Amino acid sequence: MGSCSPQLPLINLADKTLEPGSSKWAEVRSDVRKALEDFGCFEASYDKVSLELQESIVKTMEELFGLPVETKQRNVCPKPYVGYLNHNNLSESLGISNANILENINEFTQQLWPDGDGNENISKTIQLFAEKLVEIDVMVRRMVMESFGIEKYIDEHLNSTEYRMRLMKYIAPPDGDANTTVDDNADLLAKLNIDGVGPTVGVKVNADISDDVNANASANADVGANVTDDTGVNDDLNVDAEANVAVGGGVNANTDLGVGVNVNSNVDVNAKTGATGGDGVEANDDNEEKKLGLPSHTDKNLFTVLFQHEIEGLEVKTEDEKWIRVKPSPNTFIVIAGDSLCALMNGRIRAPYHRVRVTEKKKTRYTAAIFTCPKPDYIIEAPKELVDEKHPRLFRPFDYRDLFTFYHSEAGRKVPYTLQAYCAVSEA
Ligand SMILES: O=C(O)CCC(=O)C(=O)O
Ligand SMILES: [Fe+2]
């Protein structure tokens, strides 16, 4: 396994002459289609996001993830499946629904800073950044629909979606399989159950601390995180986190389970991960799976537009089952097609498996992504123009939420291909 030579197509979406109707537009549109047919994914070069804004979103993420875990856990959403998530202690993420609308972002910052009535600067930065990712999403969706001759549905299609945003932080796994140290001054028995992602991951952390400061310190933290998501992994998470922290006397117990970054000190953590790979390929490769910041999955939504800052980690699987390691480069964003788009396009576009494997030990990897999701009650169904003798209908119409519920059901977790198992018209 590991990285290999193929690269994702790189497509410039910011050319000055790129206007709908222009010859440049037609040229780029056909590149976009080809990239999505072949890889389900491409690297978009887009220099319309200022460096200042890129720096601000990274600073914002540093600030947000630097908050105490109890604060971050307040990131819950009335909609199920959106909120704070810790995955395997190697990554954590925060989610915002309808993230292109300032009021919703304000709600998010108010959850984190209820006393200060939110955080205006952070809200603004997120909004401006989300707007830019949405620009890319809208342009790509237009191109896709035009290139398949279904442009008459563009308005309906654009109106049938909503945007979720996820801010993510990753660290490299510690050396060795099972031991890491976390900064804590207590005996800690932590159990994390994270159900999310295509793969189901159960993490058990047993930490014995030789407490050098507060003798007799003990904390039992039991965090049950029930994570489901729209996108495959991070989007639309239901983090049903419940933390019971019982601290024995006078202890400064910083049971910061949410971070996985407290790598300093007095606690030995034995982490055992049981992971079931979403694509059936990594399923038995426990060792590899354990080191992933995000296990292999397809996104369940329509499109994901991802900003990755400096540190690599994203890997995308090709049709012939090779992993492409996507190196971040300035002013580029990764566009990934999800299962809902694959269904809408009657299978003409791939929804690629991808995962996150961070190897850089010294730096934290931050990513920010917009997930375009079908609105509740909207039925995803390939338009008749995409169905003919050569292209028989592949999927039955469905409501995205139902696909999602299936994905996280007992049965759904066992199948290698969620979309096929859920709504394929026939196995043939
Ligand atoms: O953070 C990344 O590089 C990828 C995130 C991802 O795949 C997801 O959230 O679905
Ligand atoms: Fe994903």
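Being a predicted model, the structure only gives us computed values, none of them experimental. All values below come from the heavy atoms of this structure, side chains included, with hydrogens, waters and symmetry mates left out. Read the numbers this way: they start at 1 and go in the same order the structure lists the ligands and their atoms.
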Heavy-atom contacts under 4.0 Å between Q308 and ligand 1: side chain, backbone, both, or neither? neither
Check this for me: does any side-chain nitrogen of one of E360 and K363 sit under 4.0 Å from a carboxylate oxygen of the other? no
Select one of side chain, backbone, both or neither to describe which atoms of L306 lie under 4.0 Å from any atom of ligand 1, heavy atoms only. side chain
Residue portion contacting ligand 1 (non-hydrogen atoms closer than 4.0 Å) for T304: neither
Strictly below 4.0 Å, N to O, side chains only: are E312 and R325 in salt-bridge contact? yes
Between H297 and ligand 1, which residue portion shows a heavy-atom distance shorter than 4.0 Å: side chain, backbone, both, or neither? side chain
What I want to find out is whether R348 reaches E37 closely enough, with some N-O distance under 4.0 Å, to be called a salt bridge. no
Verify the distance criterion only: is there a donor paired with an acceptor across the side chains of E62 and T364 at less than 3.5 Å? no
Show me which atoms of ligand 1 lie under 4.0 Å from any heavy atom of T367. 1 (O), 2 (C), 3 (O)
Using the test salt bridge (Lys or Arg N to Asp or Glu O under 4.0 Å), find all partners of D117 that sit at least two apart in sequence or belong to another chain. none
Nearest heavy atom to atom 7 (O) of ligand 1 wins, so pick from R355, H354, M168. H354
Assess the pair F129 and F307: is the distance between their ring centroids shorter than 6.0 Å? yes
Sub-4.0 Å atoms of ligand 1 with respect to non-hydrogen atoms of R365: 1 (O), 2 (C), 3 (O)
